[in-house]
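Working notes for the structure below.
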Amino acid sequence: MDAVIPRPARRTPAAAGGTLPTAGPWRVRAADDRLTPVAGAVHALLGPHLGDRLLPLDRNDGAPGTVLTLGLALDDAPTAPHRDPVGVSPCGAARPPDQSYRLAVTGHGISCRAATAEGVFRAATTALQLIAASDGAIPYQEFTDAPHYAWRGLLVDPARGYLTPDELCRVIDLAALYKLNVLHLHLTDNEGWRLDLPAMPELTAPGNTGTGDTAPGSEDAPRDFYTAEDYRALQRYAAERFVTVVPEIDLPGHCAALRAALPELPPAPAPEGLTGRFPFVPPLDLADPATRAAVEAILTDVCRLTTGPFVHVGGDESFGMTPDSFALAVRELRALVRARGKRPLAWQESSRAGIEPGDVVQFWVDVPMMDLPDTQEELDRRPELLAAGHTLDLIRALKTFFAPADHDAARTVDGGGRVLLSPQSHLYLDRPYSPDVTPPRQGAAARLGFPAYRPRDVRHTAEWDPASHGIPEERIAGVEATLFGESVGGIDDLTTLLLPRLASVAETAWSGRAPRWEDHRTRVARHGRLWEERGLAYLASTEIPWT
């Protein structure tokens, strides 16, 4: 059966029937020298699934075996009809690259053809899924396909739940396998600062917030941050798989780690009557010359080290600063990034500082999707909120603070900007799984996820509709799932929260609409073995008929 995710737009069975055995050996062949790097990336992705059945790349000429052929389409042999995807290209091109492809399964092997190297790579990930999810043979058939959204992303949060460079490479492979093309790295937060910057090494010095317990200067100090070379290597690895890395330096709030390194920076002006009522880390005051100079040095290094066109400047949850101070901070952050040749990206709150055509904001919340109670009786029926320490006074304060969020998307659209869809209600994959779908053997998974979110099943994520937010299609930048790391203690925790939910987000981002659940759950069922072969932990939800 066809278990490909995202499901290709068109599948045509061969008129004469027949099947291609997958027993191997297999070889990857680039029909054009320009595709040699693509062949290397595809070969590496196939390794965990084929093992010894995958011949080395240097044995392609005349070697026996089933062939996975990668070719650039000629004018007289077109691929699927090209359409420009909706939204913003993460690689910075004014017109998103053509990722349409044609894949054919015949008695000779699998042929992947496209007009661009990126399209060929997308076809090859379809071929990989056909091979890995098969029961020993693949029917002769042809697929044609193309993406709906240009930006198809995943945010991970090493600031709170550190991942080694090798683990991030495994996340990139997973993203690429499901045709995602952005890895958004939330590199800084109250809990830690994960990118070493030449201009400010004290941010990652041992003893700073989130960087380990070993005494400064000890040779045994754990390194839980990325060096400049780590970061460069990670971007190269991602680029080989047509994934763009977007770094996030979350300012002016979420700055406890920065304040630990630079304790002399003054707080931003706070709204009257707020101080002492709720605990919060004072946001940065970008009107202060010393603060602005420090932030300028930080963003200069980040922009210099980043090969992609976007740098995310945060702008979310800047609790404890006046609206004027916040607006000034956002304008300064955007200007600093633009002056260094990059495009600023920020969370939706940044729209309150003004929107210009070309601005991209990341939509994540409004008050209704926060799903908060109005009365004490309702709160008493929400054990997850009570366990997280929520009181009715705190909930009322949260609703007041987030009330402007209800208008952020409209403000962005009216200003000519684009909205990157990351709604907390469905695409925050740090939401706990419902106990109703958690198998008994995985009961420990109950500790995973942000505790204040209402637990949901896998179907809840799969049924999200991008059109449900009422944002005009031409103003949508793309789709991005997020997984913040409050509960993540390593790669297994991360992938258990991602899988199987990431598969449905990827399908929606690629096709532009939610998958049909009964069909989707049947296809997901065959991906458990694929994840196991890659050594990836996942939740074996009871909603899925695993095979």
So does [X] pair up with [Y], basic N to acidic O under 4.0 Å?
{"X": "Arg459", "Y": "Asp457", "value": "no"}
{"X": "Arg513", "Y": "Asp465", "value": "no"}
{"X": "Glu229", "Y": "Arg236", "value": "yes"}
{"X": "Asp173", "Y": "Arg170", "value": "no"}
{"X": "Arg382", "Y": "Asp371", "value": "yes"}
{"X": "Asp436", "Y": "Arg456", "value": "no"}

Between the side chain of [X] and the main-chain N/O of [Y], is any donor-acceptor distance below 3.5 Å?
{"X": "Arg529", "Y": "Ser134", "answer": "yes"}
{"X": "Ser504", "Y": "Pro500", "answer": "no"}
{"X": "Asp189", "Y": "Glu191", "answer": "no"}
{"X": "Gln141", "Y": "Asp2", "answer": "no"}
{"X": "Arg152", "Y": "Tyr149", "answer": "yes"}

Handout entry: Side-chain heavy-atom pair Leu155, Glu480 within 4.5 angstrom cut-off
Key = yes

Problem - Val171 and Leu183, any side-chain heavy atoms less than 4.5 Å apart - result: yes

Fill in the blank from the handout: The side chain to side chain contact (heavy atoms under 4.5 Å, CB included) partner of Ile110 among Ile131, Leu70, Thr126, Thr22 is Ile131

Handout entry: Aromatic contact, Phe121 with Phe242 (centres under 6.0 Å)
Key = yes

Handout entry: Trp151 ring center within less than 6.0 Å of Phe310 ring center
Key = yes

Exercise for the section: Indicate the ring-plane relationship of Phe484 and His186, choosing parallel, tilted or perpendicular according to the 30° and 60° boundaries. Expected result: perpendicular

Completion exercise
Tightest non-hydrogen contact, residues Glu474 and Arg418, listed as O-NH1, 2.9 Å

